Amino acid sequence: MKNIVMLLLVCSLSMVIFAQEANWKAQWITAFEQQNETNNWTAYSKTFKVEDIPVEALAKIACDSKYWMWINGELAVFEGQLKRGPSPKDTYYDEVDIAPYLKQGDNYISILVWYFGKDGFSHNSSGKAALIFDCQTADFDLLSDVSWKASIRREFGTAGLPLPNFRLPESSIRYDARIGNFDFTRPVSKTVAWGATRSLGCPPVAPWNKLVKRPIPQWKDFGLKHYENEMTFPFVSTGDTIVCELPYNAQITPFFKIEAENGQEITILTDHYQGGGPYNVRAEYITRKGVQEYENLGWMNGQKVYYIIPEGVKVLDLQYRETGYNTEFTGEFDCNDDFYKRLWIKAERTLFVTMRDTYMDCPDRERSQWWGDMVNESGEAFYALDPDSRFLTQKGILELINWQREDSTIFSPIPAGNWGRELPGQMLASIGYYGFWNYYINTGDKETIAKVYDGVKRYLDIWKLDENGVLVKRMTDSDSKGWYWGDWGTNVDKDLLMNEWYYLALKGYRNMSELLEKKDQVEWAEKVMNKFKKDFNATFWKGNEYRSYHYKDDMDDRGQALAVVAGLADEDKYKAIYKALQTQEYASPYMEKYVCEALFLMGKSEYGLARLKKRFQPMVDDKKHSTLFEGWGIGRHGYGGGSTNHAWSGGGLTILAQYVCGLYPLDAAWKRFMVKPDLAGLEFAETSNETLAGKVAVRVTKTKAGMDIELNVPEGSEAVVYIPAKEKTVMVNGQKVKSKKIEGEHKLYTLKGGDYKIEAN
């Protein structure tokens, strides 16, 4: 009795402390005999009464690590819960409306919890398998407590060797249908032995600590579908591997329906089982006698699914369920060159398959939020996906700074339970102009920038300048606390790249300071940037190239390009840099985006597009893969293990929308945006997407006398159209107009919301 009183007191105090955040009444519960072993599966259940079905019944649900929920036998959530955590100590929770699944009278809820029980590059294990469920309505409360029942589901186990590589917190699942059949999802079952639960306390309580509301939507569930290749059911397996074709590289959970004898073993894996080199996840299933069906709940990815079914088993059906981040492909692109259209499609597909709990480098080998990758990915999303995709970027930004260490360093991938090394180049890229600032200019989310602002400054402050006014090298390649990495491939001038990323970080910080009206910090950033640019050129420019003092290898094309992109290289250096970019091709697909961007900025756009095509054509033409590779080749011909689905390679999508079609926001959330097309040798190009301001669309066509532009400007927005000064006559919707402003070699025209036909001759 004394312990119960103490527990209630702790819960009450917790509710007071965090009352403004979430009014939690429920308790964390676990099975009474829970041992917290790796790859543990536990079902929880509760029968409850509902007199009047409410219009809305929001349930707050959290666990470590994933859950599936049934209400009255109907699946209400397919794979709930985000990987842990929003900070090194805390945990996400879901909010789900359960009202549509309720009925008058007796109701039954069952929740299956998958506890990973180990860390990974994308998950920070709490060390305890548990569940909390908190639904409070005007008519009833449904709260997890010791009145709930639990059952450790021994039919779920771990598949045999080889185990998934250490980067993944997920295990390969082995399901034994002889001792389980999902009866726990139904209210009346004689096969489930339910046991007691025990309470582990009320929020906030260790090891889950503060509960943070899930900032992204529940997964988009495409439902069960048949594979692309035609199969006639039923058929009897010959024992040979059954190869099932997916329409593209996707995140899927495989399904089958069979008739079998007792104790036969089925294995399921995909063609990406060793995607990127190391082993990933697969599934194993042990049959019971008779007709049975099964969907493996741990997702895997690939373009082909392999079912290894013993000889003599009758196969009644084979299907798959695709799930993924809940967004739409709202961006479109077209032009007269089929290559760039196919590049866009592959970049789009690669982007989507690397989105889930976080942006990922790849969905097979790691599933990890490396921020160098994410900078490119988030930039692509603003041209390819609907505006709700921004929440995944916002989540990553907040996590990056929430995981900042006491020494002010930041690192990725995060969330992470078994990684902690800093990649200084990627960190500078993340907080800077192409990372945090690009997120703001596309969304107008000032609140998020305000939350991370101080953390950005703390990180910048750990970088010091030497007597020459450039960066003091903070680590070496052998540093145990960091990874001094610039890019995959050879001839990487890392010191040069770090200084350029630092300048871009200062540029982003300067813009954020101005946004937040931090006048003293604006002045500080501008002063540092002005001096740094002068000292950078004095130190690194060698008359015909940029090169760091200790770098002795061949000229680094990445370093030349990033100097242009950052604004460190002035026009008097463009001729030499252009010459270098015509001969040096060392950049990986990750950095090639910046090389192409530099060529457009220098006015060498035709070569920029030509180089983009030359370098990416082999992987775009590859008919076996619907996605883009980590390196320029596959397997040992690639980088970092040779992943064939790496979204950092999709930077060409951004080039096509931002530079060829010329679209980029000038004011936050596309309230004012630029239209500065450069066809770069194409006959026509067009793109469109849904922005937070509305649909923005442009089509640019080369004519004998100049060019035509068809433009849609959302109501309430404003477009600034750049027309080359050489065009003498400009007609807008049939009316001749004159420019009131000239910028460089362009005349500027401002257009309010509406549809326009612009003719420049």
Side-chain angles (χ1 to χ4, degrees), residues 343 347 350-351 354 361-362 370-380 412 423-430 432-435 438 483-505 540 545-548 551 553-569 577-578 580-602 604 607-616 618-619 628-633 638-640 642-643 646-656 658-659:
L343 172 63
T350 314
L351 177 62
T354 53
D361 60 333
C362 55
W370 295 96
W371 253 92
D373 304 60
M374 187 172 167
V375 168
N376 282 14
E377 289 171 302
S378 61
E380 296 162 36
S412 74
L423 279 80
Q426 289 200 7
M427 296 302 91
L428 289 168
S430 67
Y433 186 78
Y434 284 91
N438 194 55
W483 183 8
Y484 198 61
W485 185 89
D487 190 20
W488 285 142
T490 59
N491 301 301
V492 185
D493 191 345
K494 298 177 185 178
D495 293 345
L496 175 61
L497 290 171
M498 295 302 158
N499 278 272
E500 291 161 344
W501 285 123
Y502 175 71
Y503 188 78
L504 281 165
F540 293 107
E545 64 169 304
Y546 285 103
R547 178 180 289 268
S548 61
Y551 180 71
D553 295 325
D554 205 0
M555 182 195 305
D556 182 2
D557 54 339
R558 315 164 186 81
Q560 315 311 308
L562 202 58
V564 174
V565 169
L568 287 163
I577 292 174
Y578 174 51
L581 298 184
Q582 287 178 292
T583 58
Q584 311 298 86
E585 294 181 351
Y586 297 121
S588 77
Y590 161 53
M591 288 298 295
E592 189 65 24
K593 180 257 185 185
Y594 300 101
V595 174
C596 190
E597 186 170 0
L599 287 163
F600 270 83
L601 291 171
M602 292 190 296
K604 303 299 181 182
Y607 177 69
L609 269 195
R611 175 169 164 146
L612 189 70
K613 178 187 281 191
K614 176 186 176 183
R615 303 218 72 194
F616 279 90
M619 71 173 87
L628 301 172
F629 313 155
E630 182 175 9
W632 298 112
Y639 303 124
S643 160
H646 234 75
W648 75 3
S649 299
L653 183 154
T654 303
I655 296 295
L656 294 171
Q658 183 175 338
Y659 289 96

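Because only heavy atoms are used, hydrogens play no part in the values below, and waters and symmetry mates are left out as well, while side chains stay in. Since the model is a prediction, treat every value here as computed from it, not as a measurement.
- The OH atom of Tyr590 sits 11.0 Å away from the CZ atom of Arg558 when rounded to the nearest 0.5 Å.
- Between the side chain of Ser430 and the main chain of Gly435, no donor-acceptor pair closer than 3.5 Å is present.
- With values rounded to the nearest 0.5 angstrom, Asp487 atom CG is found 8.0 Å from Asp556 atom CG.
- Between Tyr594 and Tyr434, the ring-plane angle classifies as perpendicular under the 30° and 60° cut-offs.
- Side-chain contact check for Gln584 and Asp554: at least one donor-acceptor pair (N or O, by modelled atom type) lies under 3.5 Å.
- Between Tyr659 and Phe600, the two ring planes are tilted [angle within 30° to 60°].
- In this structure, Leu601 CG and Cys596 SG are separated by 10.0 Å, a value rounded to the nearest 0.5 Å.
- Panel note: side chain Asp495, backbone Ser548; no donor-acceptor pair is recorded below 3.5 Å.
- The backbone N or O of Trp371 sits less than 3.5 Å from a side-chain atom of Ser412, completing a donor-acceptor pair.
- A heavy-atom distance below 4.5 Å is not found between the side chains of Leu496 and Arg547.
- A cation-pi geometry, defined here as NZ or CZ lying under 6.0 Å from the six-membered ring centre and within 45° of its normal, does not hold between Lys494 and Tyr484.
- Distance alone, capped at 3.5 Å, is enough to place a donor-acceptor pair between the Gln560 side chain and the Tyr546 backbone.
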Please step through side chain to side chain contact (heavy atoms under 4.5 Å, CB included) for the pair Leu581 and Met602, ending with a clear verdict. CA-CA 11 Å; Leu581 298 184; Met602 292 190 296; 4.0 Å; yes
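- Glu630 places a side-chain heavy atom less than 4.5 Å from the side chain of Trp488.
- Across all non-hydrogen atoms, the minimal contact from Val595 to Ala561 is CA-CB, 3.5 Å.
- Heavy atoms only, all atoms of each residue included: Ala587 and Glu592 are closest at CB-OE1, 3.6 Å.
- By the 4.0 Å N-to-carboxylate-O rule, Lys614 lies close enough to Glu585 to be salt-bridged with it.
- The shortest distance between side-chain heavy atoms of Leu562 and Leu504 falls below 4.5 Å.
- Between the side chains of Ser649 and His646, not a single donor N or O lies within less than 3.5 Å of an accepting N or O.
- In summary, Arg611 and Asp557 engage in a salt bridge, as defined by a charged side-chain N under 4.0 Å from a carboxylate O.
- Here the CH2 atom belonging to Trp485 is positioned 9.5 Å from the CG atom belonging to Leu497, to the nearest 0.5 angstrom.
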Begin with the C-alpha distance, continue with both residues' side-chain angles, and end with the deciding distance and a verdict on side chain to side chain contact (heavy atoms under 4.5 Å, CB included) for Phe629 and Tyr639. CA-CA 9 Å; Phe629 313 155; Tyr639 303 124; over 6 Å; no
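- Side chains of Asp361 and Trp648 form no contact here, defined as non-hydrogen atoms less than 4.5 Å apart.
- Here the closest heavy-atom approach between residue Ser643 and residue Cys362 is recorded as OG-CB, 3.4 Å.
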With side chain to side chain contact (heavy atoms under 4.5 Å, CB included) as the test, would you mind laying out the steps for Asp553 and Thr490 before giving the verdict? CA-CA 9 Å; Asp553 295 325; Thr490 59; over 6 Å; no
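- Side-chain atoms of Leu423 and Trp370, non-hydrogen and from C-beta on, do get closer than 4.5 Å to each other.
- Distance check: Leu656 CG to Leu343 CG gives 6.0 Å after rounding to the nearest 0.5 Å.
- Under the 4.5 Å side-chain criterion, counting only non-hydrogen atoms from C-beta, Met555 is not in contact with Asn491.
- One distance of note links CD of Glu380 with CE of Met374; it measures 12.0 Å at 0.5 Å rounding.
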